[in-house]
Amino acid sequence: LDHRTDYSAAYAGFRWPELDTFNWALDHFDPMAQGNERPALWIVGEDGSEERHSFAELSARSNQVANWLRAQGVRRGDHVLLMLGNESALWEAMLGLMKLGAVMVPATTLLARNDLEDRFARGNVRHVICGAAHTAKFDELPGDYTRIAVGGAPGWRDFAASRGADRHFAPEAPTRATDPLLLYFTSGTTSLPKLVLHSHQSYPVGHLSTMYWIGLQPGDIHLNISSPGWAKHAWSCFFAPWNAGACVFIYNYA
C-alpha cells in the first residue's frame, strides 16, 4: 500500500508472511472491520435496487452466519458447495464458512446435473448453500447432504434464519495456515475440470499481489465483472479489495 507507485521499493521491501496459524476472516477482516463503518460491499441491480453494507456490519453478520451454520451441522473441514449469484449472502457465507474452518466449493449457477454430480463425487460435498432459483437442479441428486437456500425453497433450510443467531463468534480451534480453504474446479475447456486446492494462506496472502497490481487503497471502490463460482471472482470481488480495506462494487445484471 505504501509503495503503490514505486515498484522497485515495493519489490525490495516485500517479504511473504511466514504464518503458522492464520484465518483471514478472523485475523484480518474482523480487526479491520471493528468500528469501521466505511462501505465494504455495494450492490446495484439493473432493476434500480441498491444495498450497501459496512465492514462492521459484515463482520457481525458473518458471525451470525457462522454460528447458524454450526447449528445446522457444518463443521471444520466439511466441504460446502456454494451456488449463489452476486447477492450479499455470498459474501456473508464466505466469511462465515471461513471463520468455521469449513472448505468452500464455489460453483457457477450455469452448472447442469452431470456437472454437479461430478463436483459432489470429487469434491466430497456435505452441505449446499444455493439460491432459491437453482434448488431444482438438486432434486435428482441423492445423498445425505444439508440443503440451505437463500430466498427460501420447499424442503430446504432458509438462510434467512441465520439473522436470529448470536452476533459474537468464538472459533472452536485455531486455524492452521495450511488448512484447506477453497476447492475450485477449473473451466474444463478441453477435458474434465481439474480440482484445485487452496489453503488459508495461499489465496488471501497470494492476492496481496492482486491488490498491489490493481492499485487499491483503503476507501477505494472497485468494480470487477466476474461471475461467482469462478476463481477470478474471489480474487477481485473478495480478497484483493478487502486486503486493502476497499469497497467491492457490484453491478448485478443478467
Side-chain angles (χ1 to χ4, degrees), residues 1 22-45 49-72 74 80 82-102 104 106 129-131 148-151 158-171 175 181-182 200 203-205 207-208 210-211 214 216-224 226-229 233-252:
L1 290 172
F22 180 67
N23 185 303
W24 184 88
L26 295 170
D27 299 328
H28 167 72
F29 188 87
D30 278 358
M32 176 186 65
Q34 188 172 7
N36 186 349
E37 297 301 331
R38 292 183 307 188
L41 178 63
W42 181 6
I43 303 176
V44 174
S49 62
E50 184 174 346
E51 57 179 296
R52 300 192 197 198
H53 304 280
S54 71
F55 284 100
E57 179 186 352
L58 285 176
S59 175
R61 177 73 189 107
S62 60
N63 284 344
Q64 289 184 308
V65 171
N67 285 321
W68 185 77
L69 289 174
R70 180 188 281 165
Q72 307 313 304
V74 180
V80 184
L82 288 171
M83 183 184 278
L84 296 169
N86 276 318
E87 50 201 311
S88 57
L90 173 63
W91 284 266
E92 295 167 359
M94 289 182 69
L95 285 169
L97 288 166
M98 196 180 305
K99 290 178 178 184
L100 277 177
M104 292 175 276
I129 303 176
C130 177
I148 298 168
V150 174
D158 192 347
F159 186 80
S162 61
R163 294 196 173 274
D166 196 329
R167 293 169 66 89
H168 301 280
F169 174 77
T175 303
L181 170 64
L182 283 157
H200 279 264
Y203 236 56
V205 175
H207 286 294
L208 289 171
T210 307
M211 177 194 74
I214 293 173
L216 288 168
Q217 299 283 286
D220 282 352
I221 299 172
H222 181 57
L223 167 66
N224 172 62
S226 297
S227 297
H233 192 274
W235 303 352
S236 294
C237 290
F238 194 84
F239 288 113
W242 286 352
N243 272 344
C247 176
V248 174
F249 178 83
I250 297 292
Y251 175 54
N252 198 13

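We number each residue from 1, following the sequence as shown.
- For the atom pair Met98 CE and His200 NE2, the distance stands at 7.0 Å (nearest 0.5 Å).
- Residue pairs meeting the salt bridge (Lys or Arg N to Asp or Glu O under 4.0 Å) criterion with at least one partner in residues 50-64, sequence neighbours excluded, are Glu50-Arg52, Arg61-Glu92.
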Original post:
Going through the distances and angles, do Phe239 and Thr210 end up as a side chain to side chain contact (heavy atoms under 4.5 Å, CB included)?
Top reply: CA-CA 9 Å; Phe239 288 113; Thr210 307; over 6 Å; no
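- Within the 4.5 Å cutoff, no side-chain heavy atoms of Asp27 are placed close to those of Thr175.
- With sequence neighbours left out, the salt bridge (charged side-chain N to carboxylate O under 4.0 Å, His left out) criterion links Arg167 to no other residue.
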inquiry  = Glu37 vs Ser54, test: side-chain hydrogen bond (donor to acceptor under 3.5 Å, both in side chains). Steps then yes/no.
reply    = CA-CA 5 Å; Glu37 297 301 331; Ser54 71; 3.3 Å; yes
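- Side-chain atoms of Ser62 and Lys99, non-hydrogen and from C-beta on, do get closer than 4.5 Å to each other.
- Nearest heavy-atom pair, Ile214 versus His222, reported as atom, atom and distance to 0.1 Å: CG2-CE1, 3.7 Å.
- Using a 4.5 Å heavy-atom cutoff, the side chains of Leu82 and Leu97 are in contact.
- Ring centers of Phe29 and Trp91: at least 6.0 Å apart, outside the cut-off.
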Quiz item: After noting the C-alpha distance and the side-chain angles of Met104 and Leu182, does the key distance pass the side chain to side chain contact (heavy atoms under 4.5 Å, CB included) rule?
Solution: CA-CA 5 Å; Met104 292 175 276; Leu182 283 157; 3.8 Å; yes
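- Ring pair Trp24/Phe238 is tilted by interplanar angle, where 30° to 60° counts as tilted.
- Judged by distance alone, the side chain of Asn86 and the main-chain N or O of Tyr251 form no donor-acceptor pair under 3.5 Å.
- Between the CG atom in Leu223 and the SG atom in Cys247 there is a gap of 10.5 Å [rounded to 0.5 Å].
- What you find for Leu95 and Leu58 is that their closest heavy atoms are CD1-O, 4.2 Å.
- Between Leu1 and Leu216 the shortest heavy-atom distance is CD2-O, 3.3 Å.
- In this structure, the separation between CG on Asn243 and CH2 on Trp235 is 14.5 Å, given to the nearest 0.5 Å.
- Residues Asn23 and Pro171 are not in side-chain contact: their nearest non-hydrogen atoms beyond the backbone lie 4.5 Å or more apart.
- In terms of heavy atoms, Val65 sits closest to Gly96 at CG1-CA, 4.4 Å.
- Rounding to the nearest 0.5 angstrom, the gap separating the CG atom in Leu90 from the NE2 atom in His233 is 6.0 Å.
- The shortest heavy-atom contact between Glu87 and Val150 is OE1-CG1, 3.6 Å.
- How far OG of Ser88 is from CD1 of Ile250: 11.5 Å, rounded to the nearest 0.5 Å.
- Listed for the Asn63 side chain is no donor-acceptor partner under 3.5 Å among the backbone atoms of Asp166.
- Taken to the nearest 0.5 Å, the CG atom of Leu41 stands 10.5 Å off from the CZ atom of Phe249.
- Between Gly245 and Met32, the shortest heavy-atom contact is CA-SD, 3.6 Å.
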Could you go through the side chain to side chain contact (heavy atoms under 4.5 Å, CB included) check for Leu69 and Ile129 one step at a time?
CA-CA 10 Å; Leu69 289 174; Ile129 303 176; 4.1 Å; yes
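- Inter-residue side-chain proximity for Val205 and Phe22 is flagged as met; some heavy-atom pair is nearer than 4.5 Å.
- Counting heavy atoms from C-beta outward, Asn224 and Cys237 have side chains that approach closer than 4.5 Å.
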